[in-house]
Structures are given as C-alpha cells and as structure tokens.
There are 2 protein chains.
Amino acid sequence: MTFGKYIRNARENRLSEDRTFSVRQVAQRIGVEPSYLSKIERDQVAPPSEATVRLLAGELGEDADLLLAMAGKVSGDLRNIIMQRPQLFAELLRQLKDAPDHAIESVAREIRDGDW
Amino acid sequence: MTFGKYIRNARENRLSEDRTFSVRQVAQRIGVEPSYLSKIERDQVAPPSEATVRLLAGELGEDADLLLAMAGKVSGDLRNIIMQRPQLFAELLRQLKDAPDHAIESVAREIRDGDW
DNA sequence: TGTCATGTGTACTACATGGTACACGATTTT
DNA sequence: AAAATCGTGTACCATGTAGTACACATGACA
C-alpha cells in the first residue's frame, strides 16, 4: 500500500460518515492546496513533509509514526534520540533488526517498568 | 565540536604521521574537489551527503555512525530498520531516550545473546 | 630559483523538495 | 436554473542539497 492510497482510503472512510472530509475541506484544515492533496492521494507527487504528514495523521486519526514510515521518513524526535548517542542506538537497532515483535515489546516494557 | 572541526582535527592527526593526508589527497581519494573538502572542514558549507561522510569515515578511521550524527544525519540502514516496524521502534526509542548508557548496552547484550 | 604541491576564494550548476495559483468541467445543493 | 462544491489538470516557483570548476597566493624543496 502506498502512502497516497492509504490516505485516500482513510479519508474516504471518514467521508462516508462525515461529509466535511472532502479533499477540499481536509486540505483547507491542514493548510495546503486542494490540488496538492489530490495529487498526494493519487501518488502523483512524493509524500509531503513531516509536518504535513503529522497534520494529516491528526486530522484522519491515524498513527503518525506509521504514516511517516509509509512516507519513507522517520520522525524527527526519533532521529534526535539516536543522534544523542549514535553508536549505542546503532548497535541496539542492528541487534533488534531481526528480533520478533514480542521481543522488542518486552524490552520496551522492561524499560518502562524501570528495572535498570 | 562541529562536524568540520572534527574532520579537520582527525585529518591533521593523520597528516602528522602520514603526509598523504593533505586536503587535496584525501579529497581525491574520496572523490570530491579539494576546495569542497576545505569548505567542509571550515564549516563553510553544510556537512556532505551520507555517502561522502562514510567515505570520509573510512579514510580517517572514524566511526561512521558518530560522524553521521555530527552531520545531523542518521544512517540509512537504521532508518530502514525503523521503517519496517515504525510503531514498535518508536515506542522503544522514546522509552530509552533518558535511560542510562549501561541500560541500553545491557539490552543490546541480552538480545545479542539471544534470550528472547 | 624555478617547480610543485598546498589550502582556499569565487562563481556556477543540476537536481530534489515541497509546495502555490488558478482554471476547468462535473456533480450536488438550493 | 442558479449557485456552490467537488476533484483534478497545468503551470509555475522558492529554497535546499550536494556538489564542480578553476584561478590564485603561499610555502616547501630540489
């Protein structure tokens, strides 16, 4: 699924229950030209900037990290976290590359519960 | 320490023991114009592309992840790892943001030792 | 003393990014 | 039937990115 198709789908789902989710009105609410949003949804242009993806995510009730990934980007705050300690996080991520989801979840849970 | 100063410093250290580490010769070995490397080292231009940073790291025997971080970038392979499972890694990284170094190291060690 | 390598200043460039502006025909609403 | 709304096509643009090309003055050195 491309970024555009995903957005179009999400927006149309909303539209079916709320007719303010037209291309024009959503575009206006997030502050871009309707024709631009239209092109985004048909993958006629590259996915928009991180800021615009976030606005879109908020508007459509979608997860920003997921949408950003579909847009080929990584959230700026995550980039900053990595850049603070690049070698440490580089090693960690490369270790976790092929780990199963539940392993990553359990690591996150351990840390959240503060047992370090 | 800026990217430029760090590179200049690293290169001059090498130069003191091996006179092939002049701006011109290093530039030639990594395939850029000498004037460009000169400007990079004096922070007169933004840090170069990821590819060039990597060549520079290899040439100077420095850690690529560290250099990339100084250049305000995150390694493309790490970005790809995150984009495979953006929500999972987003949560993990945000949890680890303020964790002490040793906690991150121990997590990496646990995973490496395969106990999941 | 002439040659050669060194670092750097100036000017320019190709391509990517992230959009805007506006008109048009089709459909819907009143 | 008129007015408003809809999605979209075409054209354009400002800024950023990642450099190249080349000349110049300086210092080493043989």
Side-chain angles (χ1 to χ4, degrees), chain A residues 2-57 59-60 64 67-76 79, chain B residues 2-57 59-60 64 67-76 79:
Chain A
T2 67
F3 181 80
K5 290 190 210 309
Y6 188 94
I7 294 293
R8 166 138 302 186
N9 198 42
R11 186 185 54 77
E12 286 185 340
N13 285 347
R14 291 314 197 76
L15 182 61
S16 70
E17 302 220 324
D18 180 341
R19 58 192 174 299
T20 74
F21 281 83
S22 67
V23 168
R24 275 171 184 273
Q25 298 201 46
V26 170
Q28 194 191 354
R29 290 200 292 270
I30 68 170
V32 301
E33 288 288 313
S35 63
Y36 183 46
L37 179 54
S38 173
K39 276 177 279 192
I40 288 169
E41 290 192 351
R42 287 170 297 126
D43 300 304
Q44 243 203 28
V45 296
S49 66
E50 174 170 351
T52 299
V53 172
R54 284 189 184 287
L55 290 169
L56 220 31
E59 190 62 30
L60 301 178
L67 251 51
L68 283 169
M70 283 198 253
K73 299 171 201 278
V74 164
S75 180
R79 285 188 26 250
Chain B
T2 67
F3 180 80
K5 290 191 211 307
Y6 188 94
I7 294 293
R8 167 139 301 186
N9 199 38
R11 186 185 54 76
E12 286 186 339
N13 285 346
R14 290 317 193 73
L15 183 61
S16 69
E17 303 221 322
D18 179 342
R19 60 195 172 297
T20 75
F21 280 83
S22 68
V23 168
R24 280 179 120 92
Q25 299 202 48
V26 170
Q28 193 191 355
R29 288 199 294 271
I30 67 170
V32 300
E33 287 289 313
S35 63
Y36 183 46
L37 179 54
S38 172
K39 277 178 278 192
I40 288 169
E41 291 193 351
R42 286 169 298 127
D43 300 303
Q44 245 202 27
V45 297
S49 67
E50 174 169 351
T52 299
V53 171
R54 285 190 183 286
L55 290 170
L56 221 29
E59 190 60 32
L60 301 178
L67 252 51
L68 284 168
M70 283 198 252
K73 299 171 201 279
V74 164
S75 180
R79 284 187 30 247

Would you please say whether a donor-acceptor pair under 3.5 Å links the side chains of [X] and [Y]?
X     : Y     : result
A:S22 : A:R11 : no
A:T52 : A:S49 : yes
B:R79 : B:S75 : no

| request: Using atom types as modelled and distance alone, determine if a side-chain donor or acceptor of A:R42 lies under 3.5 Å from a backbone N or O of A:S38. | output: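 Yes; judged by distance alone, with no hydrogens or angles, the pair exists.
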
| request: Would you confirm whether A:R14, through its side chain, and A:A10, through its main-chain N or O, come within 3.5 Å as a donor-acceptor pair? | output: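 No, A:R14 side chain to A:A10 backbone: no donor-acceptor pair under 3.5 Å.
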
Please give, in whole Å, the distance from [N] [atom2] to [X] [atom1]?
X     : N      : atom1 : atom2 : answer
B:L56 : D:dA18 : CG    : P     : 14 Å
A:K39 : C:dC22 : NZ    : C1'   : 11 Å
A:R54 : C:dG18 : CZ    : P     : 14 Å
A:Q44 : C:dG19 : CD    : P     : 16 Å
B:R19 : C:dT6  : CZ    : C1'   : 14 Å
A:L37 : C:dT20 : CG    : C1'   : 14 Å
B:Q28 : C:dG7  : CD    : C1'   : 15 Å
B:E33 : C:dT13 : CD    : P     : 16 Å

| 5′-ward residue of the pair A:Q25/B:Y36 relative to DNA chain D |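 That would be A:Q25.
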
| Candidate nucleotides D:dC6, D:dT20, D:dA23, ranked by approach to the side chain of A:R24 - the nearest |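 Comparing D:dC6, D:dT20, D:dA23 against the side chain of A:R24, the answer is D:dC6.
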
| request: Return the nearest nucleotide to the side chain of B:K73; candidates are D:dA18, C:dG9, D:dA23. | output: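 That would be D:dA18.
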
Can you find a side chain N or O atom of [X] that sits less than 4.0 Å from OP1 or OP2 on [N]?
X     : N      : value
A:T52 : C:dG19 : yes
B:S22 : C:dT6  : yes
A:S49 : C:dT17 : no

| query | Would the number of heavy atoms belonging to other residues, nucleotides or ligands and lying under 6.0 Å from CD of A:Q28 be above 12? | reply |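 Count not over threshold, so no.
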
| In residues 2-17 of chain B, which residues come under 4.0 Å of DNA chain C by heavy atom? |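 Only B:R8, B:R11 qualify.
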
| Residues B:R29, B:E59: salt bridge by 4.0 Å N-O rule |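 Salt bridge between B:R29 and B:E59, a charged N being under 4.0 Å from a carboxylate O: yes.
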
| message | Any base atoms under 4.0 Å from A:V32, or only sugar-phosphate, or nothing? Heavy atoms, all strands. | response |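 It contacts sugar-phosphate atoms only.
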
| message | At 4.0 Å (heavy atoms only), tell me whether A:S35 reaches a base, stays on the sugar-phosphate, or touches nothing. | response |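 Contact class for A:S35: base.
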
